[in-house]
Student: 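One structure, as structure tokens, below. Some questions next.
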Amino acid sequence: LNKIKNKEYKQLGKSTINNYITNLNKLHRDIKTDIKIDNLDWLLHTETVKDYIDKLQSANTRKNYLTGIISVLHSNYDEYKNAIDYYVKLASNNIVDIKIDLKQEKGCSNEKIITMNEYNMLLNKLEKNIKYRVEYVILSMLKHYPIRNEIFNLKYIKYSDYKILDKDDRLNFNWLIAKSNKMTMVRNNYKTSNIFGAISTDIDDTDLKKLIKKYINDFGVNSGDHLFNFKPSTLQLKLATTTENVIGIRLGTSSIFKIVCNYVVQNYKDNERIDMLKYHGNIRGTSLKILIDYYIYGNTNGLSNDD
């Protein structure tokens, strides 16, 4: 890995070598290859090896197998360079899994975080009460696109009007741009914009698009208006107060992002889990490292644990 490639080489200990041999013998036997074990070409069947390793129970066990494979292939680096790169990428993703597994052992400290099932129950309650119409739309958007507080200052605009805006107007605001059959969020001003730049996110969820369009029509939001006709600070407080009144827990954009991330951790595995976390991190403008360090916990301290 990059962070250790310049470190001085140290001889492997006897127990480490024995562990590698045991794992490689078991791997060679279980994948039932016709290639003899001392001909390392059998490790070039990377998909077969990956399928086997993916089925191993723990991230630490997968780490031990991958480390052994990478180490033995280094005996002929020039011949096996591509395979080494492949297994190093698997090992890098597996390190993320190890970090996630460690975080899963910790609770949410003093912060109360609900499950996605409970979040959906909250949405159902809000949907039935017309006085919570704004909060319902905001919380529905955050479930699919868990951005930060810039959701409170989005400006709605038709694409025909957006096209004729001058550059400064385009770059000075966060937009919800509507075409006849497409809706896109373009965010220029948010917490990490100096790192990630403008982020464009298509609203792909059909039901959510219908909900937003109905809200725009019902509330008479015109092209160029703020989507939600409140000060951002007022909306932030309104959201927290409403969720506290309905379920006894104050939710904000940060806690909602944690709910989404923990749902991914609990319901996806391996590379798919990492890809989904990256997907949500890219929408929000948060790196995978920061996401793992600050937004993943092992359990929730909310209403129940039935997610």
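Counting begins at 1 with the first residue of the sequence.
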Student: Under a 3.5 Å distance rule, please check whether His28 uses its side chain to pair with a backbone N or O of Ile35 as donor and acceptor.
Tutor: yes
Student: Please determine whether the number of non-hydrogen atoms from other residues, nucleotides or ligands lying under 6.0 Å from atom NZ of Lys209 exceeds 12.
Tutor: yes
Student: Does the Ser255 side chain pair with the main chain of Gly252, one donor and one acceptor, at a distance under 3.5 Å?
Tutor: yes
Student: Measure from NZ or CZ of Lys143 to the centre of the six-membered ring of Tyr119, then state whether that distance is under 6.0 Å and the direction lies within 45° of the axis.
Tutor: no
Student: Any ion pair linking Lys55 and Asp51 (charged N to carboxylate O, less than 4.0 Å)?
Tutor: no
Student: Just checking, any donor-acceptor pair under 3.5 angstrom between side chains of Arg148 and Thr286?
Tutor: yes
Student: Quick one, Lys258 and Asn262 - any side-chain contact, counting heavy atoms below 4.5 Å?
Tutor: yes
Student: May I ask you to test the Met141-Leu208 pair for a side-chain heavy-atom distance under 4.5 Å?
Tutor: yes
Student: Please check if the distance between the ring centroids of Tyr132 and Tyr136 is under 6.0 Å.
Tutor: no
Student: Grab the two heavy atoms, one from Ala198 and one from Asn188, that are nearest each other, plus how far apart they are.
Tutor: CB-OD1, 3.4 Å
Student: Does a donor on one side chain sit under 3.5 Å from an acceptor on the other, for Asp41 and Tyr80?
Tutor: yes
Student: Identify whether the distance between the nearest side-chain nitrogen and carboxylate oxygen of Asp166 and Arg170 falls below 4.0 Å.
Tutor: no
Student: Under 3.5 Å, side chain of Thr184 to main-chain N/O of Thr201, donor-acceptor pair present?
Tutor: no
Student: Are side-chain N/O atoms of Tyr86 and Glu47 paired as donor and acceptor at under 3.5 Å?
Tutor: yes
Student: Can you name the closest pair of heavy atoms from Ser71 and Tyr20 and give their distance?
Tutor: OG-CE1, 3.7 Å
Student: Other than Tyr190, which residues form its hydrophobic cluster under the rule that side-chain heavy atoms must be closer than 4.5 Å?
Tutor: Ile195, Phe196, Ile199
Student: Mark yes or no for whether Tyr87, through its side chain, and Leu43, through its backbone, hold a donor-acceptor pair below 3.5 Å.
Tutor: yes
Student: Salt bridge or not for Asp85 and Lys89, using N-O below 4.0 Å?
Tutor: no
Student: Testing Ile212, Val221, Asn222, Asp225 one by one against Tyr156 for a side-chain contact (heavy atoms from CB on, under 4.5 Å), which residue passes?
Tutor: Val221
Student: Under a 4.5 Å cut-off applied to non-hydrogen side-chain atoms, are Met183 and Leu176 in contact?
Tutor: yes
Student: Given the ring of Phe257, does Arg284 sit roughly above its face, with NZ or CZ under 6.0 Å from the centre of the six-membered ring and within 45° of the axis?
Tutor: yes
Student: Scan Leu227, Ile147, Asn153 and name whichever one has a side-chain contact (heavy atoms from CB on, under 4.5 Å) with Asn174.
Tutor: Asn153
Student: Over all heavy atoms of both residues, which pair between Ser140 and His144 is shortest? Give the atoms and the distance, please.
Tutor: O-CD2, 3.3 Å
Student: Might you point out which heavy atoms bring Asn39 and Trp42 nearest each other, and give the distance in Å?
Tutor: O-CD1, 2.8 Å
Student: Hey, what's the ring geometry for Trp175 with Phe173, parallel, tilted or perpendicular (30° and 60° as the breaks)?
Tutor: perpendicular
Student: Mind telling me whether Tyr263 and Tyr268 have parallel, tilted or perpendicular rings, with 30° and 60° as the class edges?
Tutor: perpendicular
